[in-house]
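Atoms within each ligand, like the ligands themselves, are counted from 1 in listed order.
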Amino acid sequence: MFRNETKEVRIGNVVIGGKHPVAIQSMTNTKTEDVEATVEQILRLEAAGCEIVRCTVPTIEAAEALKEIKKRIHIPLVADIHFDYKMAIAAIENGADKIRINPGNIGSKERVKAVVDKAREYNVPIRVGVNSGSLEKPLLEKYGGVTAEGIVESALDKVRMIEELGYDKLVVSIKSSDVMMCIKAHELLAPQCPYPLHVGITESGTVYSGNIKSSVGLGIMLHKGIGNTIRVSLTGDPVEEIRSAKLILKTLGLRTGGIEVVSCPTCGRTRINLIELANQVEQMVQEFPLDIKVAVMGCVVNGPGEAREADIGIAGGIGEGLLIKKGEIVRKVKEEELLETLRQELINWNK
Ligand code: SF4
């Protein structure tokens with residue numbers, strides 16, 4: 001797949017841009033000042049596959065907490081700053097691997113310069129973030145409201161401001177909850193921006209609607225080669241964001257690895273509780289670092305044929321199911337034992 005070439009930017013122990021894989025990010029929803037809760041959540045995110053994590057830094061206590069949090073996690077830590085440039089400086093001094101600011105809400109050029117100088121001193125990249133909700137009045141007037149063109153112009157203005165201060169360790173993000181506007185803005189921005197882009201659909205909603213909007217938006221952008229890091233924003237447990245991000249990348253062929261579960265939609269032939277079983281299988285397989293396909297099919301008519309495509313599968317019968325491996329029926333298993341049987345097969349997969 002074509003990837004838009006950008007500069008490389010190192011964030012802690014992860015490099016983004018260039019030919020590097022698209023990195024998966026999330027953001028904690030704990031109080032950053034609460035080190036225990038934040039570390040616990042970041043470790044769960046790491047275990048799920050998160051590669052870069054962002055914490056909000058609204059207070060000096062939160063900035064100071066970064067130091068302790070960093071000691072106990074293993075992925076780069078990004079500080080999210082709004083309004084107060086002193087928080088950005090404190091976050092960098094306390095070990096943030098990147099900071100995310102909107103120079104538009106940091107205040108005067110002197111304040112932006114103070115942040116840039118500190119970033120340069122510590123060699124910390126800056127993510128320049130622009131939101132459709134915070135577009136400057138002149139741009140709203142120029143374009144007659146919030147538009148993709150206005151978002152892009154705002155972002156490029158901010159980038160230029162930092163470049164003029166002599167700093168180019170930059171990542172850029174532009175956000176809009178309007179999916180089509182967001183896509184258009186990225187299409188306009190990508191050819192004009194040499195820096196890696198962090199992409200996502202902001203305020204996309206609950207797990208259900210957020211997943212759909214993010215999959216459509218990120219799917220189209222990533223398929224066009226746009227995006228070096230992604231976040232799936234969901235109103236829910238951030239771990240869900242990671243699961244969704246991984247599946248989006250995998251579906252686009254930008255990631256390999258992990259068990260893929262395919263399951264049939266069920267129909268009048270289904271005689272086992274396949275919906276519950278498929279959901280249980282999807283949860284269960286997450287603990288296995290295998291790169292295989294598991295099929296969970298509802299019946300013995302089409303099931304075995306379709307399960308043949310998979311490495312291992314189940315085809316439901318009446319109160320029982322067939323266990324199928326590489327297209328061969330292995331044995332019959334009672335319905336209540338199907339999940340555990342599959343689990344045991346996965347445990348022994350490489351033995
Ligand atoms: S695999 Fe069987 S149960 Fe599932 S949709 Fe196809 S025919 Fe129906």
Q.
Check Arg343 with Glu287, please: is the shortest side-chain N to carboxylate O separation under 4.0 Å?
A. yes

Q: May I ask you to decide whether Glu40 forms a salt bridge with Arg44, counting only side-chain N to carboxylate O separations under 4.0 Å?
A: yes

Q. Which is closest to atom 8 (Fe) of ligand 1 by heavy-atom distance: Pro265, Cys267, Gly268, Cys299?
A. Cys267

Show which atoms of ligand 1 fall inside a sub-4.0 Å distance from at least one heavy-atom site of [X].
| X | value |
| --- | --- |
| Gly298 | 1 (S), 3 (S), 4 (Fe) |
| Arg269 | 7 (S) |
| Cys264 | 1 (S), 4 (Fe), 5 (S) |

Q) Can you name the salt bridge (charged side-chain N to carboxylate O under 4.0 Å, His left out) partners of Lys118, sequence neighbours left out? A) Glu93, Glu121

Q: Please write out which residues are connected to Val9 in a hydrophobic cluster, directly or through intermediates, given that two of Ile, Leu, Val, Met, Phe, Trp, Tyr count as joined at side-chain heavy-atom separations below 4.5 angstrom.
A: Ile11, Val14, Ile16, Ile52, Val78, Val171

